[in-house]
Protein chains: 2
Amino acid sequence: MLGYAILGLLRAKPSSGYELRKIFGETPMGSFSDSPGAIYPALLRLEDRKLIAASPDAGPTQRRRKAFQLTRGGVVALKEWLRAPINETDVANRLNVLMLKFAFMDGTLGERATIAFLREFERELNSYVAVLTKYVQGDLTHMAMSSRLALQSGLLGYLAQAKWLAHAIATYEERVKL
Amino acid sequence: MLGYAILGLLRAKPSSGYELRKIFGETPMGSFSDSPGAIYPALLRLEDRKLIAASPDAGPTQRRRKAFQLTRGGVVALKEWLRAPINETDVANRLNVLMLKFAFMDGTLGERATIAFLREFERELNSYVAVLTKYVQGDLTHMAMSSRLALQSGLLGYLAQAKWLAHAIATYEERVKL
DNA sequence: TGAATCATGTAATAGGTTACATGATTCT
DNA sequence: AGAATCATGTAACCTATTACATGATTCA
């Protein structure tokens, strides 16, 4: 995951490890670790796999700074990841990954692919909401009140996500028309 | 995290590794791995640390089955974890952990502690919503549309959580009155 | 009896966490 | 000159993933 987050950020803008650390530490991308022990080894791995390469950009100062940018292979790998089909497990347990993909998507795959992604997302989400609703309507009398409420919180979260999806799809469709 | 999830489940009901695997594989607790390579080593670690011990329960059949239950130390460890103060990082990046704690809470710490937890949760969440709102209102023109929408999705998710929290608090307060 | 499921494990690998370490540059 | 921050790395440890392995019990 960290690797793909880095690929997505580097596609938008070539950056150094330090800059990536600041993004992870100071923006809402904080679910990723900003520790050097995570970032630098991840950059090395991506470099070994030829998905990124040191950018020729010397930067404004002479300061030591190794900026990386995507190679062609890196772009391909990022696109493949973004295009992977969505399954129920993604929706149930990895909404954050789907949202990360989405955040990188229209700059990488374009608007039409993004709309297709959102539609698939919506389909899978509705299907999962149905499953979860059925579960919640089952016999939960053995459960503590807090466990039941926690379940309800999860369901409400998915419903909020569904509402947002409808809005996002409408936004993109409006945009394509223009 | 997996360790605490196991402690919470075992406190509610002594279980074998296989039963835990089924819970993780077939219920909304699916964010935890149900692979034997995760569960059994985790159980061994908890046993080594004397937080769980083999239950004397031989089970209804003769079938080989190692059920575990919490030791006193295990109960203490679980309670300490549940009682740890909530900080902004938890709310921003580990909502799932907070909800896991909550799910285990009223059976372990009781209703009053649960209400206190929910109030603290609400306070931290509101504070983080304010931070995030300010961020969203900043200059986002450099961002792709999809990134902006992803941010909005996050914010809406937190708002849904806040609404749920108010409801959960009201539910518990009603309950304590009775 | 054979298939399915119950049930528990191990080994290799990969990746993250925490803590430590180092030096350059900027700012006061 | 000294503090803060820029900037990159390493090492030890822990844990999850993936795949493999094994045997018991139940059921058709």
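Values below: all heavy atoms of this structure, side chains included; hydrogens, waters and symmetry mates excluded. So that the names make sense, note that chain A is the first sequence line, chain B the second, and so on, each numbered from 1.
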Open item on the list: Between P on D/dA16 and CG on B/Leu2, what's the gap in Å once rounded to a whole number?
Closed with: 5 Å
- [ ] Using atom types as modelled and distance alone, determine if a side-chain donor or acceptor of A/Ser55 lies under 3.5 Å from a backbone N or O of A/Phe68.
- [x] no
- [ ] Specify the separation, in whole Å, of atom CE of A/Met1 and atom P of D/dA16.
- [x] 18 Å
Task: Sub-4.0 Å heavy-atom contacts from residues 26-50 of chain B onto DNA chain D, ordered by number - done: B/Ser33, B/Ser35, B/Gly37, B/Ala38, B/Arg45, B/Arg49
Open item on the list: Measure NZ/B/Lys22 against P/C/dC6 and give the value in whole Å, please.
Closed with: 5 Å
Open item on the list: So does A/Leu20 get a backbone contact from the side chain of A/Ser15, meaning a donor-acceptor N/O pair under 3.5 Å?
Closed with: no
Task: Whole-Å distance separating the CG atom of A/Leu20 from the P atom of D/dT8 - done: 9 Å
Task: For atom OH of A/Tyr4 and atom P of C/dA14, their distance in whole Å - done: 15 Å
Open item on the list: Rounded to whole Å, please give me the gap between OH in B/Tyr18 and C1' in D/dG23.
Closed with: 14 Å
Task: Within the 6.0 Å centroid threshold, strictly below: B/Tyr158 and B/Trp164 - done: no
TODO: Provide, to the nearest angstrom, the distance between the CD1 atom belonging to B/Ile6 and the C1' atom belonging to D/dA16.
DONE: 12 Å
- [ ] Indicate the ring-plane relationship of B/Tyr4 and B/Trp81, choosing parallel, tilted or perpendicular according to the 30° and 60° boundaries.
- [x] parallel
- [ ] State, yes or no, whether a side-chain contact exists between A/Leu9 and A/Met29 at a heavy-atom distance under 4.5 Å.
- [x] yes
TODO: Go through the structure and list residues passing side chain to side chain contact (heavy atoms under 4.5 Å, CB included) with B/Ser35, not counting sequence neighbours.
DONE: B/Ser33, B/Ala38
